[in-house]
Amino acid sequence: MSENVVHLHKHSNPPAEPTTVGTAPTVLTVVPDAPPARPVPLWVRSGRAVKTVVTHERTRSAGRAVVRHGLYTFNGGRIAARRAWDGRTGARYERMIRAAEAAGNLEAAEEWEERLSRFRAARHHRRMDLLHSPVDAAKGVAVGAGMSVGVLVALGVVMAISTGQVGDVVTPLTATIDFIALLIRIVQIVWGPAITIGPFLALLALWSVGRRQQAAPQWALPANVRSGEGEPITPSIVVKALRDLGISALRNAIKEMGDAGASMLGPITIAGCGVEVDVTLPSGVSTIEVQNRRRKLAENLTRHEHEVFITIPQAARTVRLWIADSGALDEPIGPSPLVTDETMTADYKKGKAPWGQDLRGDAAALSLYQRHLLITGLSNQGKTVALRSLALWLSLDRSVEFLIGDLKGVGDWAMFDGLARTLIQGPTDEHVIQVTEMVEGAVAEMNRRIQAPPGTTFPPLIVLVDEAQVAFMCPAKDEDKRPYGGSKANSRYFMAVRKIHNQGRAVNVLMWQGTQDPTNENLPKLVREGAHTRASLALGTESQARMALGDKAVDGGAAPNLLRPGLDRGTLVVASDGITIPAGQSSITVRTHYIDDDAATAITDRAKALRDGVTTLHAIEHKEEHDPLADIAAVIGDAPRVRTKDVLARLATRNPSAYGEWSFIDLKRVLDDADAEPYKSDGVMVVSRDRVARALTNRNSEGSASAN
């Protein structure tokens, strides 16, 4: 038989009762309520409440405040007592002597010892004077009292004579006595409260001393001081950071110095968005040991690694620390003057390109006059923008000519179309061949300028190759099996760059290169060392930093490998005599201005307006066929003989692309093959017109005979 369960709770909308007659009886089933939960014991609830109260942030803040202010007062008393002790004894001098000895500065130790001797002699003199002071003091009191009474009596006599009253003789004495009685009464009234309030005022003074010195544990200090955000750099903070570097000799020397450890530091001066301080290291501690612990030093100073720079000035055993304000290096530096000043022009010889700002916040400007340039770094760090900004400024000098090869080919240099004489854009081997021939043409132009009469001036010619590693890594070879890439003696691009590095500066033919991720294969040693200005963005390793900037700059503190890829985009470490570098340093860190493509196009439009018009070649015309022997005969003309030097100069002028790179060996080879070898006349090598003419005649006769 089925059962119907009837719930005891009442429905809000009960169903209508059935009217069916004769239904089965209903069976009620009572469902009991769930048993009540067991009560939490009182001791558990009390413990939870106590834990909540104790661990609450307000309780912890209050506890820290109580401990902090209590220790301010206690340690303030210690500091005041220490100062009083130092003032009364020679402890200060002894500490300075120990600090000088620990630092290995014997001259300073001797100077402090002499000061201590003078202090002790003066103290002994004062103590000996105390033996006679009671008698002298008694005599002084007696004389003073007698003179005071005499003066008062004399004053009273004058008053008595003036008024005619004899009693006025003692009036000044009476008034003085009454005044002294009044002072005693005031002291009696004030003495009680002063005795009560005095200790509190003394404690307040000690608390103030401790608060100024932050004389409390780190965990008890306020949150803004404890976290280090915005914490000012003080001598004590720098000394503690050096002590905790993990260099045992440095730690022991600072412990021996005690409170005099700050004597290692020079003045802490404001330098841009940070501060700068020179640290003279104790004997036995080398500068390289501190340089190798840059990250730990930065963390000890409550800074990030990229916010602390360590350089080596000229002074021996000295490191120079530049410490940025927290977060200051992550702020932008503003637009370039090239963008904001539409009237700006350039001067290749005397001017400097506005490149950015140094870490001090000062404008960083670079001289480009007769300096080959190399910029390198990891990919996508701002290399092209940094290189392009220099070219943009120089384009505002109408005398400057550009040959540009962009082996990336994505349009970064497209705005120079109509401004550069040659603009090749693309990453293929064919583009590398074109760029190589462009650089070789610059070599021919350089040779032509070198052979010009002395005193001839030439306009600046900038040969710029971006992504030069593509050229060095190119596997293509010419018809003579000479490789375009590589770093061998027959590598065409490598040798062309080397020739410009060797002689181009003297005739204003300059080589600028931008390359990424340098290695010995994609940036040969001879090429990178031929640049006068070397700059590097963020790199991966110290060995790459040495390739980019040289050993001297890296040993002096340059560390582009410690820049943050992506975060420090556009920040360069520069080694060059064309930029102002602080005395004693070998490099400088520059945060470059960012000039986008639209702004760059506007600048090049201004540069084009300064010129009459430039036809830009987008490919190198291949060399025409030429006849060396016939050309030699042509440049000799009617002269019976011509000096070989003059023949070479005339050939280079006649066909620079063919003969611009010729040397005496090339000329002698052609003449020897034709049996018209040069000879000496009056002590100089000359070429005979008759010999060359006879060689041409014989060659033509042989050609005709072979044709028949």
Side-chain angles (χ1 to χ4, degrees), residues 338 353 368 372-395 400-443 460-476 484-485 492-494 496-497 500 509-518 522-523 527-528 531 533 535 537 569-570 572 592 594-605 607-608 614-621:
L338 289 172
L368 303 173
H372 302 303
L373 175 67
L374 172 65
I375 299 180
T376 186
L378 297 178
S379 176
N380 196 31
Q381 298 303 308
K383 168 182 54 60
T384 297
V385 173
L387 183 61
R388 189 176 66 183
S389 65
L390 297 176
L392 288 172
W393 175 80
L394 200 55
S395 69
V400 178
E401 301 176 351
F402 292 93
L403 304 176
I404 299 177
D406 176 17
L407 293 178
K408 184 188 296 181
V410 295
D412 289 336
W413 297 88
M415 67 286 302
F416 279 82
D417 192 356
L419 183 61
R421 282 171 40 188
T422 302
L423 177 61
I424 299 170
Q425 302 178 89
T428 66
D429 290 350
E430 181 60 31
H431 292 101
V432 172
I433 294 172
Q434 292 285 323
V435 168
T436 302
E437 293 177 350
M438 178 190 76
V439 178
E440 290 175 340
V443 173
L461 176 61
I462 306 300
V463 186
L464 192 155
V465 179
D466 195 10
E467 305 296 340
Q469 76 280 353
V470 177
F472 286 113
M473 299 296 289
C474 178
Y484 287 93
R492 292 182 58 176
Y493 180 79
F494 170 77
V497 172
I500 294 178
V509 177
L510 303 178
M511 189 75 206
W512 290 10
Q513 294 184 98
T515 180
Q516 61 176 257
D517 201 9
N522 63 25
L523 186 59
V527 169
R528 60 182 186 247
T533 295
L537 296 111
R569 185 180 289 112
L572 287 158
T592 58
Y594 176 73
I595 303 177
D596 59 25
D597 291 347
D598 293 337
T601 301
I603 296 170
T604 53
D605 289 342
K608 293 173 186 176
V614 176
T615 301
T616 299
L617 299 178
H618 297 278
I620 301 298
E621 298 179 359

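- Between F416 and A391, the closest heavy-atom pair is CZ-CB, 3.8 Å.
- Between L373 and L510 the shortest side-chain heavy-atom distance does not fall below 4.5 Å.
- For the pair V443 and I500, the minimum side-chain heavy-atom distance is below 4.5 Å.
- Between Q516 and the options K408, E467, K383, a side chain to side chain donor-acceptor pair (under 3.5 Å) holds for only E467.
- Y493 has its side chain out of reach of V432: every pair of non-hydrogen atoms, C-beta onward, lies at least 4.5 Å apart.
- Atom CD1 in I375 sits 5.5 Å away from atom CG in L390 (nearest 0.5 Å).
- Rounding to the nearest 0.5 Å places CG of D429 at 10.0 Å from OH of Y484.
- Taking every heavy atom of both residues into account, G570 and L537 meet most closely at N-CD2, 3.7 Å.
- Each of D598, T604, I603 was evaluated against M415; a single residue qualifies, T604, per the side-chain contact (heavy atoms from CB on, under 4.5 Å) test.
- Between the side chain of R421 and the main chain of L461, no donor-acceptor pair closer than 3.5 Å is present.
- Atom CG of residue L392 and atom OG1 of residue T601 lie 9.0 Å apart, to the nearest 0.5 angstrom.
- A donor-acceptor contact shorter than 3.5 Å is absent between the side chain of T422 and the backbone of L403.
- Counting only distance, with no hydrogens or angles, the side chain of N522 and the backbone of D517 share a donor-acceptor pair below 3.5 Å.
- Atoms OG1 and CG, from T592 and L387 in turn, are 11.0 Å apart once rounded to the nearest 0.5 Å.
- Using modelled atom types, no side-chain atom of H431 and backbone atom of L407 make a donor-acceptor pair closer than 3.5 Å.
- Atom CD1 of I424 is separated from atom CH2 of W413 by 14.0 Å, given to the nearest 0.5 angstrom.
- The two residues L374 and A531 have their closest heavy-atom pair at CB-CB, 3.7 Å.
- Closest of all the heavy-atom pairs between Q425 and G411 is OE1-CA, 3.8 Å.
- Residues T515 and R528 are not in side-chain contact: their nearest non-hydrogen atoms beyond the backbone lie 4.5 Å or more apart.
- When all heavy atoms of V509 and A442 are compared, the closest pair comes out as CG1-O, 4.2 Å.
- Contact check for Q513 versus H372: no side-chain heavy atoms found under the 4.5 Å cut-off.
- Pairing each heavy atom of R388 with each of I595, the nearest pair is NH2-O, 2.9 Å.
- Side-chain contact between T428 and E430 is present, with heavy atoms from C-beta onward closer than 4.5 Å.
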